[in-house]
There are 2 protein chains.
Amino acid sequence: MHEQEGTFMKPGHSKVPAGHTSGAPVCGLTADVCQSVSDVLARVGDKWSLLVIYMLSNQSMRFSELKRSLGSISQKVLTTTLRGLERDGYVVRHVTPSIPPRVDYELTSLGHDVLGPVKALAMWAISRRKDVENARCKFDKLNIRDAI
Amino acid sequence: MHEQEGTFMKPGHSKVPAGHTSGAPVCGLTADVCQSVSDVLARVGDKWSLLVIYMLSNQSMRFSELKRSLGSISQKVLTTTLRGLERDGYVVRHVTPSIPPRVDYELTSLGHDVLGPVKALAMWAISRRKDVENARCKFDKLNIRDAI
DNA sequence: CAGTATCCCCTTGGATACTG
DNA sequence: CAGTATCCAAGGGGATACTG
């Protein structure tokens, strides 16, 4: 239990590789800028984070409330999701040391803030949903013969 | 080579689970809307896709050009990344059947389009980069004692 | 209630070798 | 050149059991 400090430390795939860590910007993107964009996308793009942020955007909720609302998430995953969001400063964790314990989660201003651009992307995704869907159908239809 | 048709079919974690596949919207989000947002985020949030889209936003490029520019990506991963982007309709693949073969990749209008909201998110990520960084430092400093 | 601790599976990404 | 074919390691997500 002591050696896994990396659990919610790094989103993993979000690491921008060494290729352009060296001075040269790729398409006008410097490595660190590129990295911070990746960080946000990786955090918000994982399976549950975005949903959790949405849930908390109206009111703060306690652990069990979140779990119940999300339905099919496991405790472990909800915990790591919340820790990740907490680490990056999107949520705060309020502990009430009672018995049984009570823990509430609340969006920070950063958490509320990120909803702006994320909602814009969401709106785009919704408006272009059919295009993506059609592209997929077309692609899959063309490639299914190769696959079988 | 026939049974792995799922390689670039699904982003994996992007699947919105059964919990709210049933009628009830979560926080005003219906399941399919939620799914399409997840799809976009998962696609654009993987390790290389966003970078590839950025590279192609100025000019079309051939496979080897992309590989060289990205530096540390493997052929396999570049291929699957491009296939994924092609499947979702963000890029098109132009094959010139010469020897040796030549394949060019170009952004579609959908591909150019997604850069809008993505750039907005990128700008946000850049402007709030320090906040995230500070939050992480603070969090890690508080939790390092527990971890060791 | 709000977590840990384990164990397990699957997917992603990478390294290497081979081919039309 | 532009891919496939294999193999491998690491991480994410899930199921279950236990605990302060």
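Just so it is clear, the values below take in all heavy atoms, side chains as well, and ignore hydrogens, waters and symmetry mates. All values derive from a computational prediction rather than experimental measurement.
Regarding B:Lys76, its NZ atom lies at a distance of 19 Å from the P atom of D:dA2, rounded to whole Å. The separation between A:His94 atom NE2 and C:dA2 atom C1' is 16 Å, rounded to whole Å. The distance between atom CG of B:Leu85 and atom P of C:dT12, rounded to the nearest whole Å, is 13 Å. Whole-Å rounding puts the A:Met61 CE to C:dA2 P distance at 11 Å. Atom CG in B:Leu51 sits about 19 Å away from atom P in C:dT12, given to the nearest Å. The CG-C1' distance, from A:Asp46 to D:dG13, rounds to 10 Å in whole Å. Between the CD atom of A:Glu86 and the P atom of C:dA2 there is a distance of 15 Å, given to the nearest Å. Atom CD1 in A:Ile99 sits roughly 15 Å away from atom C1' in C:dG3 (whole-Å rounding).
Put simply, the side chain of A:Ser38 never gets that close to the backbone of A:Gln35: no donor and acceptor are under 3.5 Å apart. Not a single donor-acceptor pair under 3.5 Å links the side chain of A:Lys67 to the backbone N or O of A:Ser74. Remark: side-chain polar atoms of B:Ser60 are not paired, donor with acceptor, to backbone N or O of B:Asp104 under 3.5 angstrom.
Distances shown here put a side-chain N or O of A:Arg62 below 4.0 Å from the OP1 or OP2 atom of C:dA2. Between A:Tyr105 and C:dG3 there is a side-chain polar atom (N or O) within less than 4.0 angstrom of OP1 or OP2. At D:dA2, one or more side-chain N or O atoms of B:Ser64 fall inside 4.0 Å of OP1 or OP2 (strictly under the cut-off).
A:Arg93 comes within contact range of the sugar-phosphate backbone alone, with a heavy-atom separation under 4.0 Å but no base atom that close. Among the protein residues, B:Lys67 comes within range of no part of the nucleic acid, since none of its heavy atoms lies under 4.0 Å from any strand.
Counting only heavy atoms from C-beta on, B:Trp48 has its side chain closest to C:dG13 among D:dG14, C:dA2, C:dG13. Among the nucleotides C:dT4, D:dG13, C:dA2, the one closest to the side chain of A:Arg83 is C:dT4. Taking the side chain of A:Thr79 as heavy atoms from C-beta on, and the options C:dG3, C:dC7, D:dC1, the nearest nucleotide is C:dG3.
With DNA chain C read from its 5' end, the first of the two nearest nucleotides for A:Phe63 and B:Pro100 is the one closest to A:Phe63. Between A:Gln75 and A:Pro101, the one whose closest nucleotide on DNA chain D sits nearer the 5' end is A:Gln75.
In this model, no side-chain donor or acceptor of A:Lys47 finds a partner on the base of D:dG13 within 3.5 Å.
Between A:Tyr90 and B:Trp124, the angle of the ring planes stays under 30°, which puts this pair in the parallel group of the 30/60° scheme.
Using a 4.0 Å cut-off between charged nitrogen and carboxylate oxygen, A:Arg68 and A:Glu65 do not count as a salt-bridge pair. Using a cutoff of 4.0 Å between basic side-chain nitrogens and carboxylate oxygens, A:Glu133 and A:Lys130 are scored as salt-bridged.
Inter-axis angle, ends of the helix from C:dC1-D:dG20 to C:dG20-D:dC1, five pairs per end, rounded to 10 degrees: 40°.
Donor-acceptor pairing under 3.5 Å is lacking for the side chains of B:Asp39 and B:Ser36.
Using a 4.5 Å cut-off on side-chain heavy atoms (C-beta onward), A:Leu50 and A:Val118 make contact.
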